[in-house]
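First comes the structure, then the notes that go with it.
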Amino acid sequence: MNNAEHANRLRDEIARHNDSYFVHDAPTIPDGDYDALVRELRELEATHPELASVDSVSQKVGAPLSTTFSAVTHAEPMLSLDNVFDVGELRAWGARAAKGLAVDPSELVVAVEPKIDGLALSILFVDGTLVRAATRGDGRTGEDVTENVRTIRNVPTVLAGARGRVEVRGEVFLAKADFEDLNARQREHAEREFANPRNAAAGSLRQKDPSVTASRSLSLLSYQLVDLDATRSFTRYVDTIAQLATWGFLTAPETSIEVGVDAMIARSDWFEAHRHELVYQIDGVVIKIDDLAQRALLGFTSRAPRWAIARKLPPEERTTRLLAIEVSIGRTGRATPYAVLEPVMVAGSTVAMATLHNQDQVALKDVRPGDLVIVRKAGDVIPEVVGAVPEAGRRRKAKWRFPSTCPECGGLLERVGDESDTYCVNAACPAQQLQQIVHFASREALDIEGLGEQRVIQLLAGGLVADVADLFTLRTEDLAALEGLGELSATSLVRAIEGAKAMPLSRLLVGLGIRHVGPVAAHQLANFFGDWTSLADASLEGLEAVEGIGPVIATSVHQYCRELETIERMARLAAAGVSQFEPRNVARASQTLEGRAVVVTGAIEGYSRDEATAAIVARGGSCPGSVSQKTYCVVVGTAPGASKLTRAGELGVPMVAGEEFDSLLATGAWTTTLG
Ligand code: IVH
């Protein structure tokens with residue numbers, strides 16, 4: 001293939017992706033791969049100027065328009081931003097801008113703000129009244145979405161004191177929490193889920209029926225004020241943003257002014273480190289010269305301003321080849337299919353394996369060994385396979401079939417009831433034994449220091465243990481013989497195991513790994529029954545009578561208590577002196593939240609979601625998933641759900657800052673309420 005053919009192939013491919021992305025709101029490849037294609041084309045055009053053409057897709061901003069909406073010509077074009085992909089390129093941009101302004105790079109004054117992954121919108125106000133709203137479209141002509149935009153709750157329709165024609169531009173987005181809620185609803189109604197918040201926002205805004213838009217919790221974040229009739233004189237960008245905020249628009253609270261290229265880079269690094277804590281999904285950081293006179297000096301290229309740049313953050317989705325699908329066995333025997341991948345960089349680290357969740361998910365996604373697949377890794381979340389990418393003309397392997405036997409022990413794999421999970425039902429399966437013992441010793445269970453996975457593998461291999469009850473029979477001399485474990489560590493491990501005997505029943509219940517029983521249920525059960533015998537003797541109805549215990553948990557516990565293996569295990573644990581009581585009053589937290597419903601939204605520092613719930617429940621409260629008239633208060637952590645906040649606002653439910661969570665637990669009260 002010669003260069004001209006190569007360029008044309010890239011152009012065709014990009015044009016196809018543009019159509020899927022902009023017109024159908026259904027991208028066919030991840031943004032990271034799309035960016036890589038555009039870069040390849042631009043580099044090719046740069047090294048072979050004879051190939052460049054003004055109507056190349058590399059020079060265009062958006063995409064063709066759909067016919068659903070009428071066209072709107074923008075009074076001033078809506079330009080795009082040039083991208084850089086690493087710190088070196090960003091520094092080079094800073095140096096160029098400084099040179100253009102004849103200032104030292106250490107004196108460059110810029111605003112640094114999040115690059116929201118949504119879709120651009122321009123709203124025209126005439127004498128302070130909203131008259132029209134349009135998408136960016138191809139940058140010159142957009143789509144008239146006025147009626148839909150009127151349904152977005154945080155878009156003001158009247159601007160106090162505004163004269164003439166003013167355009168407010170910004171990004172329409174779905175907050176992460178609202179995106180999760182929307183997809184949960186889509187699942188409930190057996191509707192297609194959205195791939196990411198950006199598509200969900202685009203799909204929600206570009207609806208024929210404004211009432212559909214209204215039912216989606218869209219928000220607008222504004223970042224540009226276009227004063228078409230020049231009725232005001234601003235000298236700095238931050239002043240225009242302050243004006244937008246005064247009119248009631250949401251502006252990015254994370255925006256900061258930085259002086260000098262080093263500070264600018266440091267601030268953009270901050271966004272990379274904290275991207276998962278933000279309310280919205282971001283795909284980069286936007287850096288803009290603050291001084292408007294300086295902006296005029298730098299001007300524009302045909303496509304983008306020279307006074308601004310987008311630093312793209314490492315993509316959290318990439319495509320790669322699926323080499324094989326395998327199945328791993330967890331402590332409950334759950335068989336989890338996972339993908340073995342050709343290693344690929346995702347979100348800054350190499351990914352070679354990704355979860356496929358369960359049998360239904362593999363079937364639904366229909367991914368097959370040999371396929372090109374999209375892998376996603378967001379934050380601390382386990383990498384997952386999103387789906388397969390169609391490849392024209394490639395013969396695919398046969399549909400992957402979930403195995404019927406356990407890859408570890410050869411026992412049968414079975415599905416229980418209408419659950420989507422499959423289990424290895426052989427209780428003696430070595431993979432299950434290993435994971436059970438590791439879980440038993442883990443922090444949230446009996447917290448036995450020094451008993452991690454590698455140590456347990458050794459114990460199992462040496463025939464020293466086969467069940468959690470065997471741990472309490474271990475002697476220092478047995479352990480000291482193990483490789484890498486001297487006398488000293490053997491003694492401290494035995495001591496740690498000894499110490500675990502005094503743990504309360506609730507922790508033991510967690511450690512046993514009863515299906516569906518997490519820390520919250522374990523706490524409720526232990527508190528209610530007080531000791532193992534009473535719990536084990538309880539009828540199904542008796543179990544269901546416990547607050548927070550529904551039929552699924554009750555059935556699982558009831559069945560677990562009646563298994564021969566359980567009876568034997570508990571008898572051995574009791575004989576070894578393991579406590580099977582929940583100390584009352586002593587450890588019982590004071591009931592500061594008795595009968596009160598506390599809703600938590602966003603992350604609370606120092607608590608996982610389960611720990612926050614458990615702490616509320618331990619104080620007599622409950623922790624429902626949604627806000628109602630009965631809610632005592634809403635605790636607002638980092639990246640809260642916009643719909644919960646809105647609802648709390650509507651119902652007048654007090655909102656309490658996450659920092660006050662500890663004092664709320666201790667006293668049942670708070671000092672200040674958030675606006
Ligand atoms: S400024 C002339 N600021 O990114 C400059 N854009 O890739 C106008 N975007 O079209 C854009 N967050 O849709 C700007 N803080 C932000 C942004 C932002 C997201 C989008 C916007 C723009 C695209 C360019």
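Order of appearance sets the numbers: ligands from 1, and atoms from 1 within every ligand.
Across V145 and L121, no two heavy atoms sit closer than the pair CG2-CD1, 3.8 Å.
Between E317 and R376, at least one side-chain nitrogen of the basic residue sits less than 4.0 Å from a carboxylate oxygen of the acidic one, meeting the salt-bridge criterion. For R91 and D262, the salt-bridge test passes: some basic side-chain N is under 4.0 Å from an acidic carboxylate O. A salt bridge does not link K115 to E171: none of the charged side-chain nitrogens sits closer than 4.0 Å to a carboxylate oxygen. With respect to R169 and E167, a salt bridge is recorded, a charged nitrogen being found less than 4.0 Å from a carboxylate O.
Shown in contact with E113 at under 4.0 Å from a heavy atom are these atoms of ligand 1, numbered in order with element: 3 (N), 15 (N), 16 (C). Listed by number with element, the atoms of ligand 1 under 4.0 Å from a non-hydrogen atom of A120 are 13 (O). Heavy-atom contacts of P305 reach the following atoms of ligand 1: 2 (C) (cutoff under 4.0 Å).
Using a 4.0 Å cutoff on heavy atoms, K288 counts as a contact of ligand 1. Contact analysis puts P114 in contact with ligand 1, with a non-hydrogen atom separation below 4.0 angstrom. Between R136 and ligand 1 there is a heavy-atom distance shorter than 4.0 Å.
In terms of polar-atom proximity, defined here as any N/O pair under 3.5 Å, I116 does make such a contact with ligand 1. Looking at ligand 1, you won't find any N or O of N83 less than 3.5 Å from one of its N or O atoms.
With contacts defined as side-chain heavy-atom distances shorter than 4.5 Å, the pair E316/H276 qualifies. Between R647 and S626, the closest side-chain pair of non-hydrogen atoms is not below 4.5 Å.
When heavy-atom distances to ligand 1 are checked against a 4.0 Å cut-off, V286 comes that close only through its side chain, counted from C-beta outward.
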